[in-house]
Amino acid sequence: MITVLTGGTGGAKFVDGLRQIVAGEELTVIVNTADDLLWWGLYVSPDVDSITYILAGKLSQERGWGVKGDTFYCLQAMGQLGQPIWFHAGDRDLATHILRSKLLSDGKTLTEVTAEISGRLGVKARILPMSNSRVETRIGTPIGELSFEEYFVQRWYQDPVESVRFAGASDAEPAPGVMEAIRNSEVVLLAPSNPVTSIAPILAVPGIREALRESRARIAAVSPIVGDAAVSGPAGILMQSQGCEVSIAGVAEYYRDFLDLLVVDTRDAAAAEGLRRSGMRVHGTPSIMRTNDDRVALAQAVLKAALQSPAASDHS
Ligand code: GDP
């Protein structure tokens, strides 16, 4: 069994590589839900959607979100009706949000709804939302607190970041299957996802970080930082706002208490040497996923390096 913790962009590309080398039945993907939002009255779970679509072969590769070949007639019509249209939902994508909202209002949990939608789209891997409790990333800025989507999509991450918090996390519980997947997997992988707003919310759900510390799985993370910057998006800005160095060493700090191996880009060879001296096991490999071959090669390299790293009987 292989379990992956992920967000929805770098994480989706990495999961795409893994799905091509691991049988679906052996793959569990634990997904950040702290970016979830109500949009036009519908429950949207952006990272769960991206992971579902990539595993179903439906993610738009050009856009990196939403459904391949989708149309945007509803969005246009909503604009004409005076509704906000900064969050782009395509017509086929909306079907997912409508069905999710309907099933939630019927009383199903996000876990059940996710399983139903992914099953209907032919996904064999198990997609688990991190929690069925509402956890919400709140970004503190000079104009007030923003949700992650307001900060990232609506305002193009231009606002200075004063704080980041995960509202609801302390009362949240891991969703069914999450703790068992971490405890019983041979390998747990942290995708090259934003450490501050994709992986940290998962780790903030009480019990998950402890389960990683106690797990006998080999645990490896792929760095979303190459050199002194994120490959894309606001991870660098957000790490800096937390007083964290924007480097592979900064990434290592987020996961040091449970990580067996950090996978970094070959360009970070010198920084990797420094990190090894601090006691961290580090593996270098090309980690920029431009093509499908890049994704598969990275997934293969990470899995191989993780399996070769010494089994940790206890991470604490
Ligand atoms: P989000 O939910 O949209 O924030 O997506 P993720 O958290 O899964 O992914 C965002 C992170 O992916 C960013 O910090 C990027 O630096 C990282 N990323 C994107 N593409 C690549 C890539 O090709 N290689 C690596 N190593 N990281 C990537």
Side-chain angles (χ1 to χ4, degrees), residues 4-18 29-37 44-55 59-61 63-66 87-88 127 129-130 135-137 139 147-153 156-157 161 164 166 189-203 220-242 244 246-248 250-252 254-255 262-268 271-272 282-299 301-302:
V4 189
L5 275 55
T6 188
T9 306
K13 291 196 247 171
F14 182 66
V15 167
D16 192 27
L18 275 176
V29 189
I30 299 173
V31 187
N32 171 42
T33 56
D35 302 351
D36 291 8
L37 71 160
V44 182
S45 191
D47 291 357
V48 169
D49 289 335
S50 291
I51 295 301
T52 304
Y53 296 150
I54 198 86
L55 285 167
L59 187 81
S60 162
Q61 306 280 0
R63 278 187 266 114
W65 53 267
F87 187 80
H88 288 183
I127 306 173
M130 66 188 199
V135 177
E136 203 185 341
T137 297
I139 311 278
S147 71
F148 182 72
E149 300 301 340
E150 285 166 340
Y151 164 74
F152 181 54
V153 181
W156 292 78
Y157 53 100
V161 175
V164 179
F166 307 119
L189 302 174
L190 275 62
S193 288
N194 189 325
V196 187
T197 53
S198 291
I199 304 294
I202 304 177
L203 302 178
V222 186
S223 176
I225 304 292
V226 174
D228 60 1
V231 178
S232 63
I237 300 169
L238 288 163
M239 285 171 75
Q240 227 163 15
S241 78
Q242 304 294 291
C244 182
V246 184
S247 67
I248 59 166
V251 175
Y254 274 88
Y255 312 135
L262 182 67
V263 178
V264 305
D265 195 83
T266 33
R267 271 180 266 175
D268 279 308
V282 185
H283 179 75
T285 194
S287 81
I288 305 292
M289 296 172 280
R290 283 194 196 88
T291 64
N292 186 53
D293 286 353
D294 295 340
R295 295 172 184 202
V296 173
L298 181 60
V302 172

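Just so you know, ligand 1 is whichever comes first in the structure, and atom 1 is the first atom listed for that ligand.
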As a quick check of understanding, evaluate side chain to side chain contact (heavy atoms under 4.5 Å, CB included) for Ile139 and Thr197, giving each step before the final call. CA-CA 9 Å; Ile139 311 278; Thr197 53; 4.2 Å; yes
Applying a heavy-atom cut-off of 4.0 Å, say which part of Lys13 lies close to ligand 1: side chain, backbone, both or neither. side chain
Tabulate below the donor-acceptor pairs under 3.5 Å that side-chain atoms of residues 10-17 make, not counting sequence neighbours, or state none.
| from | atom 1 | to | atom 2 | distance (Å) |
| --- | --- | --- | --- | --- |
| Asp16 | OD1 | Arg19 | NE | 2.6 |
| Asp16 | OD1 | Arg19 | NH2 | 2.9 |
| Asp16 | OD2 | Arg295 | NH1 | 2.8 |

Begin with the C-alpha distance, continue with both residues' side-chain angles, and end with the deciding distance and a verdict on side chain to side chain contact (heavy atoms under 4.5 Å, CB included) for Thr6 and Asn32. CA-CA 6 Å; Thr6 188; Asn32 171 42; over 6 Å; no
Numbered atoms of ligand 1 (with element) below 4.0 Å of Ala230, judged on heavy atoms: 16 (O)
Could you identify the single nearest non-hydrogen protein atom to atom 23 (O) of ligand 1 and state the distance to 0.1 Å? Met289 N, 2.8 Å
Between the CG atom in Leu190 and the OH atom in Tyr255, the distance rounded to the nearest 0.5 Å is 5.5 Å
The closest protein heavy-atom partner of atom 24 (N) of ligand 1 is Ser287 O, 2.8 Å
Check contact between Ala191 and ligand 1, using heavy atoms of the residue and a distance below 4.0 angstrom. no
Can you confirm, on distance only, whether ligand 1 has an N/O atom lying under 3.5 Å from any N/O atom belonging to Pro192? yes
Can you tell me the protein heavy atom closest to atom 8 (O) of ligand 1 and the distance? Ser193 OG, 2.7 Å
Could you walk me through whether Val296 and Asn292 pass side chain to side chain contact (heavy atoms under 4.5 Å, CB included), step by step? CA-CA 6 Å; Val296 173; Asn292 186 53; 4.2 Å; yes
From atom 10 (C) of ligand 1, work out which of Gly7, Ala12, Gly10 has a heavy atom at the shortest distance. Gly10
Check for me whether Ser223 has a heavy atom closer than 4.0 Å to any atom of ligand 1. yes
Taking it one step at a time, do Met289 and Val231 satisfy side chain to side chain contact (heavy atoms under 4.5 Å, CB included)? CA-CA 10 Å; Met289 296 172 280; Val231 178; over 6 Å; no
Assess the side chains of Thr52 and Asp49: does a donor N or O sit below 3.5 Å from an acceptor N or O? no
Using a 3.5 Å cut-off on N or O atoms only, is Phe148 in polar contact with ligand 1? no
Looking only at non-hydrogen atoms, which of Gly8, Ala235, Ser232 approaches atom 15 (C) of ligand 1 most closely? Ser232
Using a plain distance cutoff, I'd like to know if Ser198 has any nitrogen or oxygen under 3.5 Å from a nitrogen or oxygen of ligand 1. yes
Closest to atom 27 (N) of ligand 1 among protein heavy atoms sits Val231 CG2, 3.5 Å
Short side-chain donor-acceptor distance under 3.5 Å, Asp228 and Ser247: no
Results of ring pair (Phe, Tyr, Trp, His ring centres under 6.0 Å) for Phe152 - residues two or more places apart only: Phe148, Tyr157
May I ask whether Thr197 has any heavy atom positioned less than 4.0 angstrom from an atom of ligand 1? no
Nearest protein heavy-atom contact for atom 1 (P) of ligand 1: which residue, which atom, what distance? Thr9 OG1, 3.5 Å
Does Val4 reach the side chain of Ile30, with side-chain heavy atoms less than 4.5 Å apart? no
Just jot down the ligand 1 atoms closer than 4.0 angstrom to any heavy atom of Asp47, in number order. 2 (O)
Would you say the side chains of Asp47 and Ser50 form a donor-acceptor pair under 3.5 Å? no
Are any of the N/O atoms on Ile288, whether in the backbone or the side chain, positioned under 3.5 angstrom from an N/O atom of ligand 1? no
